[in-house]
Amino acid sequence: MEDDRRAKLDRLRADGVEPFPHDFDGVVAIAEVHAAHAELEAGEETDAAYRLAGRLAARRGHGKAAFLDLIDRSGRIQLHARFDVLGDESFELLTSLDLGDLIGVDGTVFKSRRGELSLRLDDFKLLAKSLRPPPEKFHGLEDTETRYRRRELDLIANEDARELFVLRSRVVAAVRRYLDREGFLEVETPVLQPLYGGAAARPFTTHHNQLDRDLYLRIATELYLKRLIVGGLERVYELGKNFRNEGVSHKHNPEFTVLEWYEAYADYEDAAARLEELVACVAGEIGYAGAIDFTPPWRRVTLREAIEEAIGVDILFTRDPQALVDAARARGIEDLDPTETWARLVDELLSKHVEPALERPTFILDYPEELSPFAKAHRAAPSEDRLVERFECFAGGIEIANAFSELNDPDEQRARFEAQARELAAGDEEAHPYDEDFVRALEHGMPPTGGLGLGIDRLVMLLSGRRSIREVVLFPAMR
RNA sequence: GCCCCCGUAGCUCAGCUGGUCAGAGCGGCGGACUUUUAAUCCGCGCGGCGAAGGUUCGAGUCCUUCCGGGGGCACCA
């Protein structure tokens, strides 16, 4: 059948038809036509003329007439072609088109007897010949592998997919608009870094040939952005990819899009308020109508309370891993590993016993210092609790954001790095490497700052009701 | 890394306990039809069942290995 299309291509050229012309000016979106003529009665004709372009998605032949479906990014419209309007040659060319061919059309709007808004073709032009058959038109393309690996086919075949990625684009645009309006500067910091940092994760390593040195793909933008706060930019954000050398799952892709913002003279409570406002604002702008209520204020609960509520254990009664494991075991939690650190055990309790149940947007506040090397000590909590001003925000059972009152005491930061260095030496591959450039920057003085990271892919999952990150990433990592 | 599942025409899929099992719909090709809409009607199968071995008189159908994928676990604070 590919041969059929090749043969048609040859025939077109032989007949002097250019199968790949260079342009087609003056095209409007199909959605525009629908919007302008929504009120038309069935059977009603107009003399409103439009020029459209898109892909031929279906054809219903009818002898001396034909109905065709044209799709563009904005939608679908039916075309009606008549032999007596187009003439012999043109009509024949039209009926020899293949599904998947790209065409441009001129025509006038009418509504068919059956009530479908349509365009009566006055003229059309082949804009690009398709040499391969498109996916099946009724079931669409359902094979997950093909949908992910060959996303173009998914986009051709599935209106859902088109709408989703249009939605994603609108989400990102709305996020930018909000931050721009609030006086934030969008900046770009290095993706290739001599030292990675800002998160607990293993990096991808690459190599610069001319410099003959290894570089890391960033795992976070945090440290560079805070250096910009030291530099006086006051409100900055970066929206871009982070890379983490980790497994894939329904909520993890090795490269993922993150928004980080830093705001001078703010703390984590300001960040929480801003996140609520931002997400509610974005949800409103895209017309979100799903099950999650993003209306501020969101629920706030401390980590200690959340874990106690979930499993009945007060994590702050000890810093001893074995004691915590024993306490958890007394409440029926058997699968904790006593050789882990206390902090990692706390984290495991959070991710296994608290996070999955957090459907409505919830801030979990006030983390142990050991889990948060860049967050400032809690101003109100007893010092023996060693808590920091940090929150993670969850919704739909997944973590979407992480924020702190940024640690800006350089000596304290150095001490935290040293603690991390000991972890690293002890074999924790995800501990933070010591970043002297960052500490030196802090020594010049960083204002009190509230910073936040928001997972854009996960936000899009929530706002689109998708359960897998692969659904919302155009070309997800495949095995 | 481990466990489970899947891999049949361009697409969606049916093929029970191994013996016309190489099929259907959509798509395609040829023909009819000037308002249809998963258009309809008539005719045509365009793949040899992910790959390689093996068991068997006989294998999409059973076994082994490999490849690709999905899901789960681990990992991912």
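In this text the structure is predicted, and so the values were computed from the model without any measurement. Side-chain atoms are counted along with the backbone in the values below, which use heavy atoms only and exclude waters and symmetry mates. Naming convention: chains lettered A, B, ... in sequence-line order (proteins, then strands); numbering from 1 in each chain.
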query = Distance only, no hydrogens: is a donor on one side chain within 3.5 Å (strictly under) of an acceptor on the other, for A:Glu471 and A:Tyr148?
reply = yes

key: Integer-rounded Å distance: B:G69 C1' and A:Arg147 CZ   = 14 Å

request  = Send over the distance from A:Ile77 CD1 to B:U37 P, rounded to a whole Å.
outcome  = 18 Å

Strand partner of B:U40, provided both Watson-Crick or wobble distances fall under 3.5 Å = B:A32

key: Distance-only side-chain donor-acceptor flag, A:Gln322 / A:Asp326, under 3.5 Å   = yes

key: Syn or anti conformation of B:G48, syn meaning chi within 90° of 0   = syn

inquiry  = Partner lookup for B:A74, please. Criteria are Watson-Crick or G-U wobble with both distances under 3.5 angstrom; report none if nothing qualifies.
reply    = none

message = Please report the distance separating the P of B:C16 from the corresponding atom of B:U61, rounded so that it comes out in whole Å.
response = 11 Å

request  = With the side chain of A:Arg202 defined as its heavy atoms from C-beta on, choose the nearest nucleotide among B:G69, B:C75, B:G28.
outcome  = B:C75

remark   = note: A:Asn158, atom CG; B:C26, atom P; distance rounded to Å ~ 19 Å

ask   = Which is true for A:Gly43 with a 4.0 Å heavy-atom rule: it touches a base, it touches only sugar-phosphate, or it touches nothing?
value = nothing

key: Same-atom distance (C1') from B:C26 to B:G45, integer angstrom   = 14 Å

key: Nearest-angstrom distance from the residue atom CG of A:Leu97 to P of B:G27   = 16 Å

remark   = By nearest-nucleotide position on RNA chain B, the 5'-leaning member of A:Leu350 and A:Ala477 is A:Ala477

Check nucleotides 34-36 of chain B against the protein and report each pair of N or O atoms closer than 3.5 Å, with its distance, or say if there are none.
| from | atom 1 | to | atom 2 | distance (Å) |
| --- | --- | --- | --- | --- |
| B:U34 | OP2 | A:Lys64 | N | 3.2 |
| B:U34 | O2 | A:Arg82 | NE | 3.4 |
| B:U34 | N3 | A:Asp84 | OD2 | 3.4 |
| B:U35 | O2 | A:Arg113 | N | 3.0 |
| B:U35 | O4 | A:Glu45 | OE2 | 3.2 |
| B:U35 | O4 | A:Arg120 | NH2 | 2.5 |
| B:U36 | O2 | A:Arg60 | NE | 2.8 |
| B:U36 | O2 | A:Gln78 | OE1 | 3.1 |
| B:U36 | N3 | A:Gln78 | OE1 | 2.7 |
| B:U36 | N3 | A:Gln78 | NE2 | 2.7 |
| B:U36 | O4 | A:Gln78 | NE2 | 2.4 |
| B:U36 | O4 | A:Ser112 | OG | 2.6 |

message = Without decimals, in angstroms, what is the distance between A:Arg11 CZ and B:C29 C1'?
response = 11 Å

ask   = In terms of side-chain heavy atoms of A:Arg470, which of B:G10, B:G70, B:C11 is nearest?
value = B:G70

inquiry  = Say we look at B:G71 and B:C13: how far apart would their P atoms be, to the nearest angstrom?
reply    = 16 Å

request  = Let me see the working for A:Tyr262 and A:Glu260 under side-chain hydrogen bond (donor to acceptor under 3.5 Å, both in side chains), right down to the final yes or no.
outcome  = CA-CA 7 Å; A:Tyr262 292 84; A:Glu260 285 193 35; 2.6 Å; yes

inquiry  = Taking only the P atom of each, what is the distance from B:C6 to B:C29 in whole angstrom?
reply    = 36 Å

query = In whole angstrom, what separates A:Arg5's CZ from B:C11's P?
reply = 13 Å

message = Which nucleotide, if any, forms a Watson-Crick or G-U wobble pair with B:C49, using both distances under 3.5 Å?
response = none

request  = Could you check how far CD of A:Glu348 sits from C1' of B:C75, rounded to whole Å?
outcome  = 11 Å

message = For B:A74 and A:Lys352 - does any side-chain N or O of the residue sit under 4.0 Å from the phosphate oxygens OP1/OP2?
response = yes

query = Can the ring centres of A:His62 and A:Phe83 be said to be less than 6.0 Å apart?
reply = no

task = Using the P atom as the reference point in each nucleotide, state the distance between B:G60 and B:A52 in Å, no decimals.
result = 12 Å

query = What is the minimum heavy-atom distance between A:Lys251 and A:Ile469, and which atoms define it?
reply = O-CD1, 3.9 Å

Side chain of A:Tyr148 (C-beta onward), nearest among B:C29, B:G28, B:G70 = B:G70

query = Quantified in whole Å, what is the C1' atom distance between nucleotide B:U65 and nucleotide B:G19?
reply = 27 Å

task = Please check if any side-chain donor atom of A:His378 sits under 3.5 Å from a side-chain acceptor atom of A:Tyr268, or the reverse.
result = yes

key: Flag for A:Thr339-A:Asp337: side-chain donor and acceptor within less than 3.5 Å   = yes

request  = Would you classify A:Asp98 as touching base, sugar-phosphate or nothing, given that sugar-phosphate means primed atoms plus P, OP1 and OP2, and contacts are heavy atoms under 4.0 Å?
outcome  = sugar-phosphate

Anti or syn - B:G72, cut at 90° from 0 = anti

query = In whole Å, what separates the C1' atom of B:C63 from that of B:G18?
reply = 13 Å

key: Sidechain-backbone polar pair: A:Arg274 side chain, A:Leu452 backbone, donor-acceptor under 3.5 Å   = no

message = Base, sugar-phosphate or nothing for A:Leu371? Non-hydrogen atoms, less than 4.0 Å.
response = base

task = Please state whether the phosphate of B:G28, meaning OP1 or OP2, lies under 4.0 angstrom from any side-chain nitrogen or oxygen of A:Arg59.
result = yes

key: Residue pair A:Thr189 / A:Glu238, side-chain donor-acceptor N/O under 3.5 Å   = yes

inquiry  = Can you tell me the base-pairing partner of B:G68? Count Watson-Crick or G-U wobble geometry only, both distances below 3.5 Å, and say none if there is no partner.
reply    = B:C6

Any strand: nucleotide that pairs with B:G60 via Watson-Crick or wobble, under 3.5 Å = none

message = Rounding to an integer number of Å, can you tell me how far A:Asp154 CG sits from B:U12 C1'?
response = 15 Å

query = Taking atom P in both B:C49 and B:A59, what distance in whole Å separates the two?
reply = 12 Å

message = I'd like to know if the side chain of A:Arg390 pairs up with that of A:Ser372 as donor and acceptor (distance under 3.5 Å, no hydrogens or angles considered).
response = yes

